[in-house]
Amino acid sequence: MKQKLRHLLTQALKALQAKHVLPVEETFNVELDRPRHEGQGDLASNVALTLASQTSMRPRELAQRIVEHLPASALVRRVEVAGPGFINFFLSENAFQAIVEEILEAGHSFGRSDIGAHRSIQVEFVSANPTGPLHVGHGRGAAYGAAVADLLEAIGYNVHREYYVNDAGRQMNILATSVWLRYLELCGETVVFPASGYAGAYVRDIAAALKHELGASLCRSAADVAMQLPADAAQGGDAEVHVDALIDRARTLLGNQQYQLIYQRALTDILADIREDLEQFGVTYDCWFSEHSLTASGAVKRAIERLRASGHVYEKDKALWFRSTDYRDEKDRVVVRENGQTTYFASDIAYHMDKLERGFERVIDIWGADHHGYVPRVKAALSAMGDDPSRLDVLLVQFAILYRGGERVQMSTRSGEFVTLRELREEVGKDAARFFYVMRKCEQHMDFDLDLAKSQSADNPVYYVQYAHARVCSVFRQLKEKGLRHDRVNGNAHLPLLTEPHEQQLLAALGRYPEVVEAAALAHEPHQLCHYLRELANEFHTYYNAHTFLVEASDLRDARLNLIDATRQVIANGLGLLSVSAPERM
RNA sequence: GCGCCCUUAGCUCAGUUGGAUAGAGCGUUGGCCUCCGGAGCCAAAGGUCAGAGGUUCGAAUCCUCUAGGGCGCGCCA
């Protein structure tokens, strides 16, 4: 619809160019908006306001000239110049009605398009450390990332979903050691659990599984473990120093093979848990990318070599530094430590190098907002390697704060006092969780009201939208019970009977859907879709209350049934993009 | 201290990337079922868009400053 009107406007502008009213060499970017207020038409353009400065005319005068040169169209009922120089289009009733047939024909693919032209795009999201179950903070990234990916796919991009697994590094060693200490407890040893260890119950579960399968083969005496360790925080020492010493002790006492056994077991168990959790949440991946594989494949080394070759690294204090300040980072960053080990940042440079080498035209990273300081250095690395940093988009997701009974729910990962994503799903359900998470703009802090998400009432926007869907289904059940038939072809033939204001408004809302999907996808803003669905549901409920669909006259009845069936289809499609179910009964 | 993000109705948030008279939901108040699902609908009240300057035909939106809040500033990941 927009495109058709845009075409008309462009025709008019070209005509004015031919008459030298407008500069000939210009190409015009014609914008069409949905006016906010009634009486301002169905679509409006501000071209006259933006172009007036290039002419000697006032905006209103130019607008009038444009209108005079508009080609006639059956879609348009009336055109007027309004306000400071807006051109308002009033569409004919038929223009709206045609959408019903279009929706019913396209079915579940209505709203999908080919704007992305199969260009490849990677979306990496969640990528939480596999040191424990996902918590509600990760949930927002999961819901948001999945929605962005699905939206992009819906407008024709070739989307690749990926999870970066931080399976290397210190945190994983702390986890492995934590598991071992719990295992020792099961062996009857009395060990003091470190302040910086992972204290969650899942650590005990992994330890118990190990004990069950391997018996006591990994047992060592508590005295050997504790011998001459630096003091933990509780004894006035440094918790981090203490836990690092514990890791070394575990390695020495167990030997590399047994230590790796525990390490790998912890990793695979937790990863399996995360994967299952996300699947239940409606989130799946094309690839789980291992950080460790970057070292094994030599990608990290190669990335560092590329930086070196471009002259952006130097040695200082026995470490190798990347001069990221050449690219507006705040300070330079270490890539190879004093002890010869590469840093996490080095892996990340290699990872992003690898992403671009795999041929994705665009790459989207979705990170927690606490990592925002990390963006400049990753982009700097891409620049230094001669890649185009604008191929990478980093989207930052703010934290969600849970409220229950009006009180803020406190959380901290290390102490094990956190609400897991799984618990959230069990408490409020997948549908409400998915919808609530993406209801807000991602860079907004979010208050997640558990009581509201759970409530099966009008306050809850998820139920409100789903209810509209269920209501349509219910009408069709009623139809059968009354022994009536729905003739879709007849309905399409009598769409011109849909002239009630409520019907016109519902039709207009349906017609907006493809634009909403496109806008939400391109802006990476699924919340636009949420708001749209709420408005659509509202239009439907209003219509429902004002008119009876199952009327005696079969022509009108069929037309109305087509309209509400189209509404049902659009709601189902929209909810589907958010992985929220569209129930037939509630 | 420096950097990034945020501040819109009592509360939670939109605001189509600079457009016309500032928009929803919740909450409050008042209405609507002999009728397809009341998990619904309608109406009213509620605003110095944190504050002050600036840019232009036009600013909640862009630039500067100020005040409040969040996050980040490791040879952790």
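First the proteins, then the strands, lettered A, B, ... as listed; each starts at 1. Computed from heavy atoms alone, side chains included, the values below leave out hydrogens, waters and symmetry copies.
- Here A:K318 lies out of heavy-atom contact (under 4.0 Å) with every strand.
- The side chain of A:R560 places no N or O atom within less than 4.0 Å of a non-bridging phosphate oxygen (OP1 or OP2) of B:C36.
- Counting any heavy atom pair closer than 4.0 Å across all strands shown, A:A44 reaches a base atom.
- Take A:A566 and apply the side chain to side chain contact (heavy atoms under 4.5 Å, CB included) test, not counting sequence neighbours, and it matches A:V100, A:I103, A:L104, A:L510.
- Rounded to an integer number of Å, the gap from CD of A:E338 to P of B:C75 is 11 Å.
- Rounded to a whole angstrom, the distance from the C1' atom of B:C36 to that of B:G30 is 28 Å.
- Atom CZ in A:R534 sits roughly 12 Å away from atom C1' in B:A39 (whole-Å rounding).
- A cation-pi geometry, defined here as NZ or CZ lying under 6.0 Å from the six-membered ring centre and within 45° of its normal, holds between A:R534 and A:Y464.
- At a threshold of 4.0 angstrom between heavy atoms, the contacts of A:E291 are confined to the sugar-phosphate backbone, with no base atom among them.
- With both ends at atom P, the span from B:G15 to B:G31 equals 36 Å, rounded to whole Å.
- An OP1 or OP2 oxygen of B:A77 is reached within less than 4.0 angstrom by a side-chain nitrogen or oxygen of A:R337.
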With Watson-Crick and G-U wobble geometry limited to distances under 3.5 Å, how should the secondary structure of RNA chain B be encoded in dot-bracket form, using | for bases paired to another strand and [ ] for crossing pairs? (((((((..((((.....[...)))).(((((.......))))).....(((((..]....))))))))))))....
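- With sequence neighbours left out, A:R404 forms a side chain to side chain contact (heavy atoms under 4.5 Å, CB included) with A:V409, A:E427, A:L450, A:D451.
- If you check every strand for non-hydrogen atoms under 4.0 Å, A:A369 touches sugar and phosphate atoms only.
- Computed from coordinates, the A:D332 CG to B:G74 P distance equals 13 Å when rounded to whole Å.
- The stretch residues 428-446 of chain A participates, sequence neighbours left out, in no salt bridge (charged side-chain N to carboxylate O under 4.0 Å, His left out) pair at all.
- Within the 4.0 angstrom heavy-atom criterion, base atoms lie near A:R34.
- Among the protein residues, A:R333 comes within range of no part of the nucleic acid, since none of its heavy atoms lies under 4.0 Å from any strand.
- Atom P of nucleotide B:G69 and atom CZ of A:R408 are separated by 14 Å, given to the nearest angstrom.
- Heavy atoms of A:A468 sit nowhere under 4.0 angstrom from any nucleic acid atom.
- With hydrogens and angles disregarded, no donor-acceptor distance shorter than 3.5 Å links the side chain of A:K379 to the backbone of A:Y327.
- Take A:F549 and apply the ring pair (Phe, Tyr, Trp, His ring centres under 6.0 Å) test, not counting sequence neighbours, and it matches A:Y543, A:Y544.
- Separation of the C1' atoms belonging to B:C62 and B:U55 is 8 Å when rounded to the nearest angstrom.
- At a cut-off of 3.5 angstrom, counting only N and O atoms as typed in the model, there is no donor on one side facing an acceptor on the other between the side-chain of A:D370 and the base of B:G72.
- Atom P of B:A44 sits at a distance of 24 Å from the matching atom of B:G38, rounded to the whole Å.
- If you check every strand for non-hydrogen atoms under 4.0 Å, A:T548 touches a base.
- Put simply, A:T343 has no side-chain N or O that comes within less than 4.0 Å of OP1 or OP2 on B:A77.
- Taking atom CG on A:N173 and atom P on B:A77, their separation rounds to 10 Å, with Å as the unit.
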Polar atoms only, N or O, under 3.5 Å: list the protein pairs with nucleotides 10-14 of chain B and their distances.
unit_1 : atom_1 : unit_2 : atom_2 : d
B:U12  : O2'    : A:R440 : NH2    : 3.0
B:C13  : OP1    : A:H445 : O      : 3.1
B:C13  : OP1    : A:D447 : N      : 3.2
B:C13  : O2'    : A:R440 : NH1    : 2.7
B:A14  : OP1    : A:K441 : N      : 2.8
B:A14  : OP2    : A:Q444 : NE2    : 3.4

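- The base of B:G72 does not come close enough to the side chain of A:H371 for any donor and acceptor atom to sit less than 3.5 Å apart.
- For B:G38, the OP1/OP2 oxygens have a side-chain nitrogen or oxygen of A:R471 closer than 4.0 Å.
- Spacing between B:C65 and B:A77 at atom C1', rounded to whole Å, works out to 38 Å.
- When heavy atoms are screened at a 4.0 angstrom cut-off, A:H372 is found touching base atoms of the nucleic acid.
- In this structure the side chain of A:P84 reaches within 4.5 angstrom of the side chain of A:F86, judged on heavy atoms.
- B:U17 has its base syn relative to the sugar, with a glycosidic angle deviating from 0 by at most 90°.
- Between the CE atom of A:M172 and the NE2 atom of A:H292 there is a distance of 11.5 Å, given to the nearest 0.5 Å.
- Straight-line distance between the P atoms of B:G19 and B:U61: roughly 11 Å, to the nearest whole Å.
- B:U34 and B:G46: their C1' atoms are spaced 38 Å apart (whole Å).
- Using a 5.5 Å limit on the distance between ring centres and a 30° limit on the angle between planes, the aromatic ring of A:F86 counts as stacked on the six-membered base ring of B:A20.
- For B:G15, the OP1/OP2 oxygens have no side-chain nitrogen or oxygen of A:Y532 closer than 4.0 Å.
- When heavy atoms are screened at a 4.0 angstrom cut-off, A:F399 is found touching no nucleic acid atom at all.
- Sequence order on RNA chain B of the closest nucleotides to A:F549 and A:L49 puts A:L49 first from the 5' end.
- Between the side chains of A:Y351 and A:E162, at least one donor N or O lies within less than 3.5 Å of an accepting N or O.
- Across all strands shown, A:H547 has heavy atoms under 4.0 Å from base atoms, whether or not it also approaches the sugar-phosphate.
- Separating the OH atom of A:Y464 from the C1' atom of B:A39 is a distance of 11 Å, rounded to the nearest angstrom.
- For B:C26, the O4'-C1' to base torsion is more than 90° from 0; the nucleotide is therefore anti.
- In this structure, the separation between CG on A:L51 and CG on A:N46 is 9.0 Å, given to the nearest 0.5 Å.
- Counting non-hydrogen atoms under 4.0 angstrom, A:Y374 reaches a base of the nucleic acid.
- For the pair A:N538 and B:C41, the criterion of a side-chain N or O lying under 4.0 Å from OP1 or OP2 is met.
- A:N46 comes within contact range of at least one nucleobase, with a heavy-atom separation under 4.0 Å.
- Applying the side-chain contact (heavy atoms from CB on, under 4.5 Å) test between A:N562 and each of A:R557, A:R488, A:H494 identifies A:R488 as the sole match.
- Here B:C41 is the nucleotide among B:C41, B:G37, B:G19 with the atom lying nearest to any side-chain atom of A:H541.
- Counting heavy-atom neighbours within 6.0 Å of A:Q264 CD, excluding the residue itself, gives a total above 12.
- Within 4.0 Å (heavy atoms only), A:E443 reaches sugar-phosphate atoms of the nucleic acid but no base atom.
- The separation of B:A14 from B:A60, taken at their C1' atoms, amounts to 12 Å, rounded to a whole angstrom.
- Counting distance only, with no hydrogens placed and no angle test, the side-chain atoms of A:N88 and the base atoms of B:A20 include a donor-acceptor pair under 3.5 Å.
- If you run ring-ring contact (aromatic ring centres under 6.0 Å, His included) between A:F448 and each of A:Y403, A:F435, A:Y437, only A:Y437 comes through.
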